[in-house]
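Just so it is clear: chains get the letters A, B, ... in the order the sequence lines come, proteins before strands, and each one is counted from 1.
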Amino acid sequence: MNIEQHITTATIAAVKHLYDQEIPENQVSLQDTRAEFEGQITIVVFPVVRFSKKSPEVTATELGEYLVAHIEEITAFNVVKGFLNLTVADSYWLNLFNQKLLSPDFGAVPANGKKVMVEYSSPNTNKPLHLGHVRNNLLGYSVAELLKASGHEVYKVNLVNDRGIHICKSMLAWQKWGNGETPESSLLKGDHLVGKYYVIFDKEYKKEIEALKAEGQTEEDAKKNAPLIKEAQKMLLDWENGDEAVMSLWKTMNGWVYDGFAVTYKTMGVDFDKYYYESNTYLLGKGTVEEGLEKGVFFKKPDGSVWIDLTADGLDQKLVLRADGTSVYITQDLGTAQMKHDDFQMDDSLYVVGNEQDYHFKVLFLILEKLGKTWAKGLHHLSYGMVDLPSGKMKSREGTVVDADDLMAEMVETAKQKTEALGKVNDFSEEEKENLYQNIGLGALKYFLLKVEPKKRLLFDPAESIDFQGNTGPFIQYTHARIKSLLGKAGYDPVKGGAKNIVLTGTEREMIMLLAKYPAELIAAAKVYSPASLANYLYEVAKLFNKFYHEVPPIVKEEDEELKHHRLNISAVTAGILKSGMRILGITVPERM
RNA sequence: GCAUCCAUAGCUCAGCUGGAUAGAGCAACGGUUUUCUAAACCGUAGGUCAUAGGUUCGAAUCCUAUUGGGUGUACCA
């Protein structure tokens, strides 16, 4: 039993003994004692006052006396207004450290038997990935890793949007103006090459619209009548009919994109257990619509279109099948949700998708619930905010996007410059150096994007480079590298186990308390699907360690062997947590930097 | 219009199921290296927690309204 549980139980007993009242456990409110007061754990006594019928000060004092008398580890108390500050014996903290934190499986949360799917990335195959996708990918990856680390069995899946009118636009433009250009001939990455034609399409399309407007058509008509868009629509129909030439072009160009994506994914360090392709799933969902009609959840309008009325739930009427019997977006998603569940039988399913689709997922989940899918309650939309530039939104057609590949390359380059300026790794081989720059540059980027709460929008200023100091990825990486260097120089031997007979410094005690929270932090962060929460915790750990490191005389030179070993133990546990926590964020911590 | 999210220091962000004098980083200013990596540490300065009510012993946190901003509201995806 840990000390917090012990205190809670004893407080309940104390209230019974002192005031003959039954206080519910949730009324016993514990918190860490603020640094300016004596003690480590504080009971907020206001809730207890209701049972004691005495003033907060008197209640706190009586409670304090009882706890000191009944709990061996509590050696003293003080009362400040309505707060009862308890001093826990160093022997308890040292024991906690030696028994729990030093154990090799510390931080490993046991499996909880729950299966969860995380769908993320889900790119379109008509253009390369940009900064917005980067946030999606890092978030999806790290949430999946976080869920794994907190005991879930996790499947990462990627639902690729590989068909549709936007894909045809790139294909058509390439056919018309590409002159047979390939990634090999142009030396362009496949996804960038295809994206180039997507932009060309848009440019030519706009020209046609302008021309038609000059002939007197309205903007709306012009958009519909432009020959290019008609051709693209024709191409989409041909694709749906399996036209050989179109299919062949589609496969070729998508192949280029996949080659390009594979490189980007590899650099980002994300992976998937399974890919779904919309070209295989876009016809799904019609069965679900039938099912809904039979169950009376959906209704048919005279023109044959199928709807669901969600006005009673504060939403609107929603179309689920067109009058001509073809699918809309939500039709596919209904079918795909069913298929994913049939494939994996997971308990929970996460969709990592931007907040512009909040309404869509609300509707989707509600429909599945109304259809009586028992698994619908396990569906969750992990909604995240847009990444904005100082100039506003990124628009791929207007060329104001921050390209993922470019950005990552720039980050690595910046890492290189900063590292070279410090001149600490001149003895590294070229390969080691490249590896290090990669880790630091991407570490800075990933931490920058992940430390912000997912639902908040994120401002990225390309003119202002991402920091490498303070609350950043490199700061945490540096702390880790520094510890590793320390352990090496001091000849740290983990086998020696825990040190006894040590007097803890205040910061050491704080370290132990903070480090001990790691497993609870993992579970809490996973529960709210927030890598940001973990990121901030890791920052606290690194910051406190650095304080400790500066406060204490050089550990390497410490003559008291037991004290030296103890401080190395604290350092080693810190390094272990930083490493495993950062790995969950998708960030590699170097041994040296 | 309706729905929904956001609003905390000059800037970027923390702030757990309501709890003590609201915390970090960056930027600014001042200090720390004959000591284990100064990508570090210590200090100074910086706030009517958008506004107004309400609930409560206690509100940045919960409720209501208002203001400002984002997003959505297609037989697009």
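- Atom P of nucleotide B:rG15 and atom CD of A:Glu521 are separated by 10 Å, given to the nearest angstrom.
- Base pairing analysis places B:rG18 opposite nothing; no Watson-Crick or G-U wobble pair with both distances below 3.5 Å involves it.
- Judged by atom type and distance alone, A:Thr419 reaches the base of B:rA39 through a side-chain donor-acceptor pair under 3.5 Å.
- Put simply, the side chain of A:Asn158 gets close to the backbone of A:Ser122: a donor and an acceptor are under 3.5 Å apart.
- Not a single donor-acceptor contact under 3.5 angstrom links the side-chain atoms of A:Thr479 to the base of B:rA39.
- Across all strands shown, B:rC2 forms a Watson-Crick or G-U wobble pair with B:rG72, both key distances being under 3.5 Å.
- By the 5.5 Å and 30° criteria, A:Tyr359 is not stacked with the base of B:rA3.
- Listed candidates were B:rA40, B:rA14, B:rA20. Nearest to the side chain of A:Glu453 is B:rA14.
- Checked by atom type and distance alone, the side chain of A:Thr331 pairs as donor or acceptor with a backbone atom of A:Val320 at under 3.5 Å.
- With a 4.5 Å cut-off on side-chain heavy atoms, A:Tyr351 and A:Leu382 do not count as touching.
- Following rounding to the nearest Å, A:Asp316 (CG) and B:rC75 (C1') show an atom-to-atom distance of 15 Å.
- Nucleotides B:rU4 and B:rC63 are separated by 12 Å at their P atoms, to the nearest Å.
- Base pairing annotation: B:rU56 forms no Watson-Crick or G-U wobble pair, as no partner gives both donor-acceptor distances under 3.5 Å.
- Using a 4.5 Å heavy-atom threshold, the side chains of A:Val328 and A:Leu321 count as separate.
- A gap of 30 Å separates the C1' atoms of B:rC16 and B:rA45, to the nearest Å.
- Each of B:rG15, B:rA40, B:rU4 was ranked by its minimum atom distance to the side chain of A:Asn546; first place goes to B:rA40.
- Out of B:rA20, B:rA40, B:rC41, the shortest distance to the side chain of A:Lys547 is found at B:rC41.
- Among the nucleotides B:rU35, B:rA20, B:rA77, the one closest to the side chain of A:Lys81 is B:rA20.
- The aromatic ring of A:Phe475 does not sit over the base of B:rA40, since the test of centres under 5.5 Å and planes under 30° is not met.
- Taking 3.5 Å as the limit, the base of B:rA20 and the side chain of A:Asn85 contain a donor-acceptor pair of atoms between them.
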